[in-house]
Amino acid sequence: MYVVWDKQYTFHDPVTDNLAYMILYHGCVMTVCGGVLTIVMSGFLYVVYCGVSGESFSSLYTSSDLAETLWTFIPMVVLLALCFPSLTLLYYGALRCSEYEVNLKVTGHQWYWQYEYQQGSDELVYESYLLPAEEANERGGGMFQYMDVDKRCVLPSDKLIRVLFTSEDVIHSWFIPSFGLKNDCVPGRVGSASLVIKEPGVYYGFCTELCGVLHSEMPIAVEVVPSDVYDSWLSNELNQ
């Protein structure tokens, strides 16, 4: 089970390259922010010191063309350095120039999820609803109240997956923290994302858009299984 543990304040353990790169990028950005903050605070404290001690603040910093050029050019370089990996990460999580092995379509409804799989000309479509607390207790086996569903979304590990997103009514959002995946489901539009899940397990998420009165009652549960188990499951479901 992949859920947040008590008092956790860091990211989920990454099970996709998408989230692993996000965590790496976050660390780089925070390092840059720390360096900028240190430099700015040092300059501020130096100005305060000059004012308190009665020393004059050097005109080198107030009327120098070189200083003005540097404090304009250096931030621009820093922003560009942060921009390119951010755009690369954005497009890497959206589309990849390779053949997808699995296609999943996610449709948001008030207030449940619908999943569609396709294998050749055959289609599998089913709905996923919040599992009532009494039923979760009866089933046991690690079921989480208000987080588990009656029928989980099933995906394979170690396969390139394309996920398509849309909605039938209002804007929903399909968010799985352990995947680093969050896409809005917009009526009349189809969004897409790609990922490779590295570890089998059960991953939980939730809708992150305020989609109505029962917004809190449409959790997401994704069961990731080995590829051969997924193929058998999909074939059995299609043949029923």
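Note that the coordinates shown come from a computational prediction; the quantities given were computed from them, not determined experimentally.
Under the 4.5 Å side-chain criterion, counting only non-hydrogen atoms from C-beta, Y230 is in contact with V102. Looking only at side-chain heavy atoms (C-beta outward), V15 and F179 come within less than 4.5 Å of each other. Using a 4.5 Å heavy-atom threshold, the side chains of Y204 and I220 count as separate. Residues Y112 and D150 are not in side-chain contact: their nearest non-hydrogen atoms beyond the backbone lie 4.5 Å or more apart. Side-chain contact between W113 and C185: present, with at least one pair of heavy atoms (C-beta onward) separated by less than 4.5 Å. In this structure, L131 and P219 have side chains that are not in contact, with every pair of non-hydrogen atoms separated by 4.5 Å or more. V154 has its side chain within reach of V225: a pair of non-hydrogen atoms, C-beta onward, lies under 4.5 Å apart. Taking 4.5 Å as the limit, some side-chain heavy atom of C211 sits within range of a side-chain heavy atom of M218.
A donor-acceptor contact under 3.5 angstrom links the side chains of Q114 and E116, judged on distance only.
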Please assess L89 against M22 for the test side chain to side chain contact (heavy atoms under 4.5 Å, CB included), listing each intermediate value before the final yes or no.
CA-CA 7 Å; L89 181 60; M22 287 180 192; 3.6 Å; yes

The test is side chain to side chain contact (heavy atoms under 4.5 Å, CB included); show your working for W174 and V222 and say whether it passes.
CA-CA 11 Å; W174 206 71; V222 179; 3.9 Å; yes

Between L234 and L124, does a side chain to side chain contact (heavy atoms under 4.5 Å, CB included) hold up when you go through it step by step?
CA-CA 8 Å; L234 184 57; L124 170 64; 3.9 Å; yes

With side chain to side chain contact (heavy atoms under 4.5 Å, CB included) as the criterion, how do Y115 and V106 come out once you've worked through the C-alpha distance, each side chain's angles and the decisive distance to 0.1 Å?
CA-CA 5 Å; Y115 300 112; V106 177; 3.9 Å; yes

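Side-chain atoms of S86 never come within 3.5 Å of backbone atoms of L82 as a donor-acceptor pair (strictly under, hydrogens ignored). A donor-acceptor pair is defined here as one N or O able to donate and one able to accept, closer than 3.5 Å; no such pair exists between the side chain of S173 and the backbone of C207. Under a 3.5 Å cut-off, the side chain of T166 and the backbone N or O of G108 do not form any donor-acceptor pair. Checking side-chain atoms of N103 against main-chain N and O of L164 turns up no donor-acceptor pair under 3.5 Å. Within the 3.5 Å criterion, the main-chain N or O of R152 finds a donor-acceptor partner in the side chain of Y126.
Taken from CG in L195 to CG in L155, the straight-line distance is 7.5 Å, to the nearest 0.5 Å. Taken to the nearest 0.5 Å, the NE2 atom of H215 stands 7.5 Å off from the OG1 atom of T208. Here OH of Y203 is found 13.0 Å from CG of L181. Values are rounded to the nearest 0.5 Å. With values rounded to the nearest 0.5 angstrom, I74 atom CD1 is found 7.5 Å from I39 atom CD1. With rounding to the nearest 0.5 Å, the separation of CZ in F11 from OG in S178 is 12.5 Å. Here CG of L130 is found 8.5 Å from OG of S216. Values are rounded to the nearest 0.5 Å.
The two atoms that bring L19 and P177 nearest to each other are CD2-O, 3.3 Å, heavy atoms only. S227 approaches S157 most closely through the heavy-atom pair OG-O, 2.9 Å. Residue E223 comes nearest to V202 through the heavy atom pair CG-CG2, 4.3 Å, listed as atom of the first residue, atom of the second, then distance. Between N18 and S194, the closest heavy-atom pair is ND2-O, 3.1 Å.
Residues K151 and E237 are paired through a salt bridge, judged by an N-O separation under 4.0 Å between the basic side chain and the carboxylate. Under the 4.0 Å criterion applied to side-chain N and carboxylate O atoms, D184 and K182 are assigned as salt-bridge partners.
V40 and L70 fall within a single hydrophobic cluster, where Ile, Leu, Val, Met, Phe, Trp and Tyr are joined by side-chain heavy atoms under 4.5 Å apart, directly or via other members. Cluster membership check: L214 does not share its hydrophobic cluster with V170, using side-chain heavy-atom separations under 4.5 Å among Ile, Leu, Val, Met, Phe, Trp and Tyr. Under the 4.5 Å side-chain contact rule for hydrophobic residues, F73 and L80 share a cluster. When the side chains of ILVMFWY residues are joined at heavy-atom separations under 4.5 Å, either directly or via intervening members, L24 and V32 end up in two distinct hydrophobic clusters. No single ILVMFWY cluster, assembled from side-chain heavy atoms under 4.5 Å apart, contains both L104 and F206.
By the neighbour-count criterion of 12 heavy atoms within 6.0 Å, atom NZ of K159 is densely surrounded, having more than that number from other residues, nucleotides or ligands.
The aromatic rings of Y117 and W233 lie perpendicular to each other, with more than 60° between the two planes, well past the 30° mark.
Looking at residues two or more places apart in sequence or on another chain, you find a side-chain hydrogen bond (donor to acceptor under 3.5 Å, both in side chains) between D169 and H172.
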